[in-house]
2 protein chains.
Amino acid sequence: MQMYIYLFIQPCIQLRHASLVYVGGCEGVVVGREMNSVDSGLAGSGAPERADAADGRRKAQVTAQDLMDAAVDLLESHRSVSSLSLREIARAVGIAPNTFYRHFRDVDELAVALIDQAGRSLRGVIREARQRLSLERSAIRTSVEAFMEQLDSEDRYVHILLREMSIGSDAFREAVDRELTYFEDELRDELERIVQATGQPTLEPALVAKAITRLVFAMGAAADGKSVERRAEMTEQTIVMIKMIMEGAQSLARKGAS
Amino acid sequence: MQMYIYLFIQPCIQLRHASLVYVGGCEGVVVGREMNSVDSGLAGSGAPERADAADGRRKAQVTAQDLMDAAVDLLESHRSVSSLSLREIARAVGIAPNTFYRHFRDVDELAVALIDQAGRSLRGVIREARQRLSLERSAIRTSVEAFMEQLDSEDRYVHILLREMSIGSDAFREAVDRELTYFEDELRDELERIVQATGQPTLEPALVAKAITRLVFAMGAAADGKSVERRAEMTEQTIVMIKMIMEGAQSLARKGAS
DNA sequence: CACTCGTATATACACCTGTATAGTTCGTTT
DNA sequence: AAACGAACTATACAGGTGTATATACGAGTG
């Protein structure tokens, strides 16, 4: 009976002397720490005040976008978006864990939204780069370089796309696949424009677009994290690879026609 | 002051009445469940008894290979090898969590070993398929089909390689990259043999090999989890893509020579 | 036999996780 | 002014995680 009581009492003692930092409500301390990160979180994050001022209807203290931004910021040290914990994100943005549910049902749902945003952003970058120089000759180079430059951009959107390509069972891969398809479609249109402009027939532009897209993303994924020189080298390699594909498609089209 | 004391006492009370299950060994209950899964683990896994009987020197109860096998088995529902927990693997193989450390320092170390094994296995499959039919014409088709067939093989080695390609920060990607390089090297040798046999010069065989390898893996990753028909379609697409690359390399070589 | 030593286990600890429940704050509506 | 309801917090719980420490078993050599 003595022993029995001891067993019940002991954890209390241990908890007590270990917890001058911890006690105050089991999670009270954690809350304390989370309140600390409220400050840094709100200060470091985007612009929650703007949303506050713009939308007069409610306080609208934290937006879904804030959560996504925090997740991206948090991502640099971690591996995959879905490996972030709900609490981690909430802590970074300075809200109680449960508030997360107001904006997303899951971390996975946030991840899908993030993939969407990443794809849109990256497509914008490429499109912009492509518009800047419309000569067929260095269109490839311009696009590939624009893509590769995004690898050490401040916003880590590309990394998300690259990393999430082959992970996450269900709606995840679909989301990335959807984004890749958008890239392919834009590239196919571009290819068909080139065909019309130069008169060079090309075998199956859709397939060429797919091959190029997948290849660029694969090379990008491989180049990610490598040194600047190594990455420049891989950029050149990618450009040659793309030229091979396009030359092959045109050559096969010629052979098929003759 | 009353409040202060209250704060210190309260968690003790809460812990106490919450812990009729918890106190008296904190993990005692869990251990009970883990012992249950010992049985199912040993029965479900490969053949630990064989190792026991064959190696008379020691009990040799659990080998590193057993751990790796268990991890692979466990992987089908999970996403990435590194997302498996040490305890999960130990539970599956029927050992105490700490015993894991006898074989690997980390789950990541196991993952690297697994990637190694997966690469070796897959290269074996492709090499074997390539040897079966040595005519240049359908060498591509044979290899690609062999690769794609591995996607629903019983041993999930390919999936590991595909999934781990773009995840895990440090030694991880290196491991996968190393395996991909082996593939590239073998393919480059093959390409150079073809060049010598057919007399068709090819631009930068190493780069062609790299492009093809990356493309096949990218398409494989995209095809993984898709339906059989969808996968067959993607196999055909991949074959055409490869032919484009090779035709392009040869065409560019001709143009460069002339 | 006793001894050591490699191998595996048992227990514990401190921490983190998602989520349930209840409560607080505060703008909007009646 | 009172009630409502949205946004958010506080607390707690029941689990899971990696790892430290101590212990047990069982073969090999003295």
Side-chain angles (χ1 to χ4, degrees), chain A residues 7 10-11 13-19 21-35 38 42 48 51-52 55-64 66-67 82-91 93-108, chain B residues 6-7 10-35 37-38 48 51-52 55-64 66-67 82-91 93-109:
Chain A
L7 286 175
Q10 193 201 24
I13 296 169
Q14 284 166 347
L15 257 186
R16 208 190 305 164
H17 75 65
S19 297
V21 198
Y22 193 85
V23 163
C26 266
E27 291 217 70
V29 179
V30 179
V31 168
R33 252 189 265 155
E34 283 177 347
M35 289 317 262
V38 163
L42 282 176
D52 194 358
D55 189 353
R57 204 194 90 254
R58 203 60 132 189
K59 271 199 94 176
Q61 319 211 20
V62 163
T63 68
D66 289 337
L67 289 179
S82 55
S83 85
L84 291 173
S85 76
L86 181 151
R87 285 182 108 109
E88 209 173 347
I89 299 170
R91 209 181 305 135
V93 95
I95 57 172
N98 261 327
T99 310
F100 186 93
Y101 295 123
R102 300 258 161 218
H103 307 285
F104 299 101
R105 196 187 322 160
D106 261 338
V107 180
D108 280 17
Chain B
Y6 165 72
L7 285 174
Q10 191 200 25
C12 294
I13 296 169
Q14 284 166 346
L15 258 186
R16 208 191 304 166
H17 76 65
S19 297
L20 282 165
V21 195
Y22 196 82
V23 164
C26 266
E27 290 216 71
V29 181
V30 178
V31 168
R33 248 188 269 156
E34 282 178 347
M35 290 315 266
S37 67
V38 163
D52 194 359
D55 189 352
R57 202 193 92 254
R58 200 61 131 188
K59 273 200 94 179
Q61 319 212 22
V62 163
T63 67
D66 289 337
L67 288 179
S82 55
S83 84
L84 292 172
S85 76
L86 181 151
R87 285 181 108 111
E88 207 173 348
I89 300 170
R91 208 181 306 136
V93 93
I95 58 170
N98 261 328
T99 310
F100 186 93
Y101 295 123
R102 300 259 161 219
H103 306 285
F104 301 100
R105 195 188 325 160
D106 261 339
V107 180
D108 280 16
E109 194 171 293

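Note that these values count all heavy atoms, side chains included, but never hydrogens, waters or copies made by symmetry. Numbered from 1 within each chain, the chains take letters A, B, ... in sequence-line order.
Here the shortest heavy-atom pairing between Ala96(A) and Ala90(A) reads O-CB, 4.1 Å. Of all non-hydrogen atoms in Asp66(B) and Val93(B), the two that sit nearest each other are O-CG2, 3.8 Å.
Atoms CZ (Arg105(A)) and P (dG18(C)) sit 16 Å apart, rounded to a whole Å. What separates CD1 of Ile89(B) from C1' of dT17(D) is a distance of 13 Å, to the nearest Å. Here dG5(D) presents its P atom at 14 Å from CZ of Arg102(A), a figure rounded to the nearest Å. In this structure, Arg91(B) places its CZ atom 8 Å from C1' of dG16(D), rounding to the nearest Å. Computed from coordinates, the Asp108(A) CG to dG18(C) P distance equals 11 Å when rounded to whole Å. Here the P atom of nucleotide dC15(C) and the CD atom of Glu88(A) are 17 Å apart, to the nearest Å.
With rounding to the nearest 0.5 Å, the separation of CG in Asn98(A) from CZ in Arg87(A) is 8.5 Å. Here CG of Leu86(B) is found 5.0 Å from OH of Tyr101(B). Values are rounded to the nearest 0.5 Å. From Ile89(A), atom CD1 reaches atom NE2 of His103(A) across 12.0 Å, with rounding to the nearest 0.5 Å.
For Ala96(A), whose side chain is taken as the heavy atoms from C-beta onward, the closest listed nucleotide among dT17(C), dT19(C), dT9(D) is dT9(D). The side chain of Arg87(B) sits closest to dT19(D) out of dA7(D), dT19(D), dA8(C). Distances were taken from every side-chain heavy atom of Ile95(A) (C-beta onward) to each of dA8(C), dT9(D), dG18(D); the shortest belongs to dT9(D).
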Mind listing the N/O atom pairs, protein and nucleotides 20-24 of chain D, below 3.5 Å?
| from | atom 1 | to | atom 2 | distance (Å) |
| --- | --- | --- | --- | --- |
| dA20(D) | N6 | Asn98(B) | ND2 | 2.5 |
| dT21(D) | O4 | Asn98(B) | ND2 | 3.0 |

query: Should Thr99(B) and Val62(B) be marked as a side-chain contact (heavy atoms from CB on, under 4.5 Å) after you check the CA-CA gap, both sets of side-chain angles, and the distance that decides it?
result: CA-CA 9 Å; Thr99(B) 310; Val62(B) 163; 5.8 Å; no

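Residue Thr99(A) places no side-chain N or O under 4.0 Å from the OP1 or OP2 atom of dA7(D). Between dT7(C) and His103(B), no contact under 4.0 Å exists linking OP1 or OP2 to a side-chain N or O.
Taking the side chain to side chain contact (heavy atoms under 4.5 Å, CB included) definition, one finds that Ser82(A) meets it with Ser80(A), Asp108(A), Glu164(A), Phe172(A), sequence neighbours left out.
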